[in-house]
Amino acid sequence: MFSQTVEYALRAVVHLAYVAPEACTTDQLAEATRVPKAYLSKVIQALVRARLVHSQRGLGGGVSLAREPEELTILEVVNAV
């Protein structure tokens with residue numbers, strides 16, 4: 001079984017793969033994945049450190065996948081968080 005953190009990370013990555021190559025805000029991602037925004041921010045930080053996603057602040061910023069969706073594996077997401 002996966003931990004709650006892993007489940008949230010997988011939800012986020014799957015949604016980002018769905019909207020790729022577009023970026024979405026943390027608010028949009030939290031709403032789409034039904035993950036609490038504060039918790040999602042911590043998950044995104046871990047995914048950024050693992051270089052699985054890009055995060056950019058400010059106008060026109062957001063969160064997006066760092067690679068093509070086909071190149072990511074579940075194991076990479078699990079290991080990141």
Side-chain angles (χ1 to χ4, degrees):
M1 296 301 288
F2 291 127
S3 69
Q4 190 75 38
T5 304
V6 171
E7 182 182 334
Y8 287 168
L10 289 171
R11 284 189 204 178
V13 169
V14 167
H15 183 73
L16 291 172
Y18 179 73
V19 298
E22 302 295 319
C24 61
T25 66
T26 306
D27 288 335
Q28 293 168 332
L29 192 55
E31 184 177 330
T33 60
R34 297 183 182 191
V35 175
K37 185 180 173 189
Y39 203 130
L40 182 62
S41 294
K42 292 181 182 192
V43 170
I44 290 172
Q45 286 175 359
L47 294 172
V48 168
R49 280 193 302 272
R51 297 184 179 161
L52 298 179
V53 301
H54 289 291
S55 178
Q56 182 163 344
R57 289 184 175 191
L59 189 61
V63 182
S64 61
L65 290 179
R67 298 185 298 205
E68 294 297 318
E70 300 83 20
E71 297 175 7
L72 293 174
T73 66
I74 292 173
L75 182 60
E76 286 178 304
V77 176
V78 171
N79 287 337
V81 294

Tell me whether Q28 contacts the main-chain N or O of T25 through its side chain, where contact means a donor paired with an acceptor under 3.5 Å.
yes
Is the closest side-chain heavy-atom distance between V77 and L72 below 4.5 Å?
no
Using a cut-off of 6.0 Å, state whether more than 12 heavy atoms not belonging to [X] lie near its atom [atom1].
X	atom1	answer
E31	CD	no
Y39	OH	yes
R67	CZ	yes

Looking at V63, L10, L29, which one forms a side chain to side chain contact (heavy atoms under 4.5 Å, CB included) with H15?
L29
Can you tell me how far [atom2] of [Y] sits from [atom1] of [X], rounded to the nearest 0.5 angstrom?
X	Y	atom1	atom2	result
E7	R11	CD	CZ	4.5 Å
L16	I44	CG	CD1	7.0 Å
K37	T26	NZ	OG1	6.5 Å

Co-membership, hydrophobic cluster, residues L40 and V6, 4.5 Å side-chain
yes
Consider only side-chain heavy atoms of I, L, V, M, F, W and Y, link residues closer than 4.5 Å, and tell whether I74 and V13 are in one cluster.
yes
Which heavy atom of A46 sits nearest a heavy atom of A80, and at what distance?
CB-O, 3.6 Å
For the residue pair V48 and S55, what are the closest heavy atoms and their distance?
CG2-CB, 3.8 Å
